[in-house]
Amino acid sequence: MKPLRVGLLGLGVVGGGVWMVLSQNAEEISRRAGRRIQVTAVAVRDVAKARTLLGPDVRVTTDGMALARDPDVDIVVELMGGDTVARACLLEAIAHGKHVVTANKALLAVHGNEIFAAAQSRGVMVAFEAAVAGGIPIIKAIREGLTANRIQWLAGIINGTTNFILSEMRQRGLPFQAVLAEAQRLGYAEADPTFDIEGVDAAHKITLLASLAFGIPVQFDKVHIEGIASLASEDIRHAERLGYRIKLLGMTRHRPEGIELRVHPALVPDTCLLAQVEGAMNAVLVRGDMVGTTLYYGQGAGALPTASAVVADLVDVARLHRADPGHRVPHLAFQPESMADIPILPMADVRTSYYLRLRVDDRPGVLADLARVLAAMGISVGSMFQQPHGEHQADIIFLTHEAREGDVDQALQTIAGLPFVHSGVTRLRVENIN
Ligand code: NAP
Ligand code: HSE
C-alpha cells in the first residue's frame with residue numbers, strides 16, 4: 001500500500017518529536033498501521049533551522065496554507081500552536097477533504113465547535129489525543145474505553161509545568177521563578193508560560209475532557225480558572241501538616257443541576273493517588289457509574305511523550321481514513337445529533353470543602369465569633385489549628401466540611417470586616433477524592 005503522506009505544520013518541540021518517533025519506530029508503526037507513515041512536507045518560519053533536521057526528500061515551506069491544500073499531502077498535522085494561523089490552516093485542510101491531527105488544546109477549546117462542525121460536514125477526522133495530558137491516551141480511554149458508562153466526574157493534574165513547579169517548591173524549597181525557568185528549558189511550558197501558571201492551559205484541557213465525558217459542546221468561556229501564581233508557600237506547608245498536598249486540579253462533575261467546570265489549586269489528601277503525582281507527570285481520575293474510578297498516569301508534556309500521542313492518532317487515521325465517516329468514532333465521543341445542552345453551574349453553586357487561613361488577634365472570643373459567622377451560613381468546621389504570629393496575633397487555619405461556595409463567599413465577606421481580622425482570608429478548595 002502507498003505510504004500515508006503527512007504534512008507537518010510546525011517542527012518545534014512536538015513536531016521535532018514526531019519526526020523522531022516516525023523515524024526511530026518506523027517499522028513498528030507501519031506493522032500496526034498497515035502502511036508506512038511518511039512526513040513529506042513541513043511548514044515552519046525558519047526554513048534553514050528545519051533543514052538541519054530533515055532529510056532531502058521533505059519539502060519545506062513557510063506557507064502553512066499552501067501545505068494545507070497540497071494535493072500531495074494526505075493528512076495535515078498542526079503543531080504550530082496559537083489560534084490564528086493554526087485555525088486558518090486546519091480549516092483549509094478540512095475544506096480540502098484532509099484529515100487533521102492537532103496537539104493544540106488552546107485552538108480546540110476556543111474554536112473546537114467550528115472545527116468539528118466543518119470536519120463533520122466534510123466527513124474527515126479531527127484527532128487530538130496529544131492535546132490533553134501529553135502521552136497519556138486519555139481521550140481514547142474516555143471516547144472508546146468508557147463508552148458503557150455515565151461519567152460522574154473527572155479530576156486531573158493536566159498541566160505538567162505547574163505540577164513540576166509545585167513539586168519542586170514543596171520538595172526542594174526552590175523559588176517559583178527558578179522552577180518556571182527550568183520547566184521552560186525542558187520544553188514543558190507553553191510559548192506564553194502565563195497560560196500554564198494562570199491555569200489557562202489546564203482550562204483548555206478540562207474543556208475538552210468535559211465535552212468528551214458528558215457530550216456537551218466545548219465551552220472554554222464557562223470554565224472557572226484560578227492559577228498558582230498567588231499561592232503562598234506557607235499554605236503548601238500548612239496543607240502538608242494537615243495531611244494534604246496542593247495540586248492544580250482540573251475538575252468537572254455532573255450534578256443533577258448541571259456541570260461543574262473548574263481549574264484551581266486544591267488540597268488533595270496525601271493518601272490519594274493524585275497527590276503522589278510529582279514533577280511534570282500528569283494523571284486523570286475518571287469516575288464512571290459502572291466501572292467505578294479509573295486512573296490514567298504518564299508524562300503530560302515534552303517532545304517524545306506528546307509525539308507518541310500524535311503518532312497514535314496518525315495510525316488511527318491510517319487505519320480508518322477510507323472508512324465510511326458514519327463508522328468512525330465521533331469527534332467528541334457522542335453522535336453530533338445527540339450532544340446535550342446541559343448548563344454549566346456557576347461557582348456559587350459548586351459544593352466542596354474549604355481550607356481557610358486568616359490572621360487575627362489572639363484573644364478570648366475570637367474563635368467563637370468566627371465559628372458563629374461560619375455556622376450562620378451553614379458551614380461546619382471539620383478541623384482547625386492555630387499558629388502564633390508575634391505576641392498578640394495568630395494565624396488560624398480551618399478545614400470545613402462540604403459547603404456551597406456562595407455561602408462560603410458570603411461568610412468570608414463578613415469575616416473580612418470583623419475588627420480582629422488583620423489579613424484577607426486565604427481560601428483554597430479541598431477535594432476529598434479517592
Ligand atoms: P514550539 O516548540 O514553539 O514549535 C512551534 C513550531 O511551529 C515551530 O517549528 C515554528 O517554526 C512553527 N510555527 C509557528 N508559527 C508558525 C507559522 N505562522 N507558520 C509556520 N510555522 C510556524 O511549540 P511546541 O511546544 O512544539 O507546541 C506545539 C503545539 O503542541 C502547541 O499547540 C502546544 O500547546 C502543543 N503541545 C505542546 C506540548 C509540549 O510539551 N511542548 C505538549 C502537548 C501539546 P519556527 O521554529 O521556524 O519558528
Ligand atoms: N504546557 C503544557 C504543560 C504542555 O505544561 O502541561 C502539555 O500540554
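Whatever order the structure lists ligands and atoms in, that order sets their numbers, starting from 1.
- Of the options Gly160, Ala202, Ala191, the smallest heavy-atom separation from atom 6 (O) of ligand 2 is shown by Gly160.
- Of the polar atoms of Asn282, none of the N or O atoms is found under 3.5 Å from an N or O of ligand 2, judged by distance alone.
- Checking only distances, Val13 does come within under 3.5 Å of ligand 1, N or O to N or O.
- Of all protein heavy atoms, the one closest to atom 31 (C) of ligand 1 is Gly81 CA, 3.7 Å.
- Residue pairs meeting the side chain to side chain donor-acceptor pair (under 3.5 Å) criterion with at least one member in residues 119-143, sequence neighbours excluded: Lys140-Glu144, Lys140-Asp316.
- With respect to Arg351 and Glu260, no salt bridge is recorded, no charged nitrogen being found less than 4.0 Å from a carboxylate O.
- Using a 4.0 angstrom heavy-atom cutoff, Gly302 counts as in contact with ligand 1.
- The distance from ligand 1 to the heavy atoms of Glu190 drops below 4.0 Å at these ligand atoms: 33 (C), 34 (O).
- For Gly12, a nitrogen or oxygen atom sits less than 3.5 Å from a nitrogen or oxygen atom of ligand 1, counting backbone and side chain alike.
- For the pair Arg241 and Phe385, the cation sits on the ring face: its NZ or CZ lies under 6.0 Å from the ring centre, inside 45° of the axis.
- Listed by atom number, the atoms of ligand 1 under 4.0 Å from Ala130 heavy atoms are 43 (C), 44 (C).
- Proximity of Thr306 to ligand 1, defined as any heavy-atom pair under 4.0 Å, is confined to the side chain (atoms from C-beta onward).
- Applying the side-chain hydrogen bond (donor to acceptor under 3.5 Å, both in side chains) rule to Arg245 yields the partners Glu278; only residues at least two apart in sequence or on another chain are considered.
- Numbered from 1 in the order shown, with element, the atoms of ligand 1 that lie under 4.0 Å from a heavy atom of Lys49 read 46 (O).
- Residue contacts with ligand 1: Tyr188 is placed with no nitrogen or oxygen under 3.5 Å of a nitrogen or oxygen of the ligand (distance criterion only).
- Taking the six-membered ring for Trp and thresholds of 30 and 60 degrees, Phe214 and His254 have ring planes more than 60 degrees apart, a perpendicular arrangement.
- A salt bridge does not link Asp395 with Arg357: none of the charged nitrogens is closer than 4.0 Å to a carboxylate oxygen.
- Ligand 2 has at least one atom lying under 4.0 Å from a heavy atom of Gly300.
- Counting atoms of ligand 1 from 1 in the listed order, those under 4.0 Å from a heavy atom of Gly187 are 39 (C), 40 (O), 41 (N).
- Sparse packing is recorded around CD of Gln24, with 12 or fewer heavy atoms of other residues, nucleotides or ligands lying under 6.0 Å away.
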Next on the checklist: Could you go through Arg87 and Glu78, starting from their C-alpha distance and side-chain angles, then the distance that decides it, and tell me whether this counts as salt bridge (Lys or Arg N to Asp or Glu O under 4.0 Å)?
Outcome noted: CA-CA 9 Å; Arg87 170 176 165 271; Glu78 185 278 305; over 6 Å; no
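- Protein heavy atom at the shortest distance from atom 8 (O) of ligand 2 is Lys105 NZ, 2.5 Å.
- Between Tyr188 and Phe164, the ring centre distance stays below 6.0 Å.
- Each of the atoms 6 (C), 8 (C), 9 (O) of ligand 1 lies under 4.0 Å from some heavy atom of Leu11.
- Scanning the protein for heavy atoms near atom 27 (O) of ligand 1, the closest one is Val14 CG2, 4.0 Å.
- The protein heavy atom nearest to atom 5 (O) of ligand 2 is Thr161 OG1, 2.6 Å.
- For Asn159, heavy-atom contacts with ligand 2 shorter than 4.0 Å involve the backbone as well as the side chain.
- Not one N or O of Ala301 is nearer than 3.5 Å to an N or O of ligand 1, by distance alone.
- The nearest heavy-atom contact from the protein to atom 22 (C) of ligand 1 is Met80 SD, 3.6 Å.
- Using a 4.0 Å cut-off between a side-chain N of Lys or Arg and a carboxylate O of Asp or Glu, Asp72 and Arg5 qualify as a salt bridge.
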Next on the checklist: Before you tell me yes or no, could you show the steps for Leu154 and Val284 under side-chain contact (heavy atoms from CB on, under 4.5 Å), namely the whole-Å CA-CA distance, both residues' side-chain angles and the distance that decides it to 0.1 Å?
Outcome noted: CA-CA 7 Å; Leu154 186 156; Val284 184; 3.8 Å; yes
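- What sits closest to atom 10 (C) of ligand 1 on the protein, heavy atoms only, is Arg45 NH2, 4.0 Å.
- Residue Lys105 places a heavy atom under 4.0 Å from ligand 1.
- The atoms of ligand 1 that sit less than 4.0 Å from any heavy atom of Leu79 are 5 (C), 6 (C), 7 (O), 28 (C).
- Within the listing of ligand 1, atoms 6 (C), 7 (O), 9 (O), 12 (C) sit less than 4.0 angstrom from a heavy atom of Gly10.
- With atom 30 (O) of ligand 1 as the reference point, the heavy atom nearest to it among Ala303, Ala106, Ala103 is part of Ala103.
- Within the 4.5 Å cutoff, no side-chain heavy atoms of Val6 are placed close to those of Thr40.
- Side-chain contact between Val85 and Met80: present, with at least one pair of heavy atoms (C-beta onward) separated by less than 4.5 Å.
- A salt bridge links Glu405 with Arg429: the distance from a Lys NZ or Arg NE/NH1/NH2 to an Asp or Glu carboxylate oxygen falls below 4.0 Å.
- With a 4.0 Å heavy-atom cut-off, ligand 1 is reached by no atom of Ala50.
- Look at Ala43 and you'll find a heavy atom under 4.0 Å from some atom of ligand 1.
- Just one of Gln171, Arg172, Arg170 meets the side chain to side chain donor-acceptor pair (under 3.5 Å) condition when paired with Glu168; it is Arg172.
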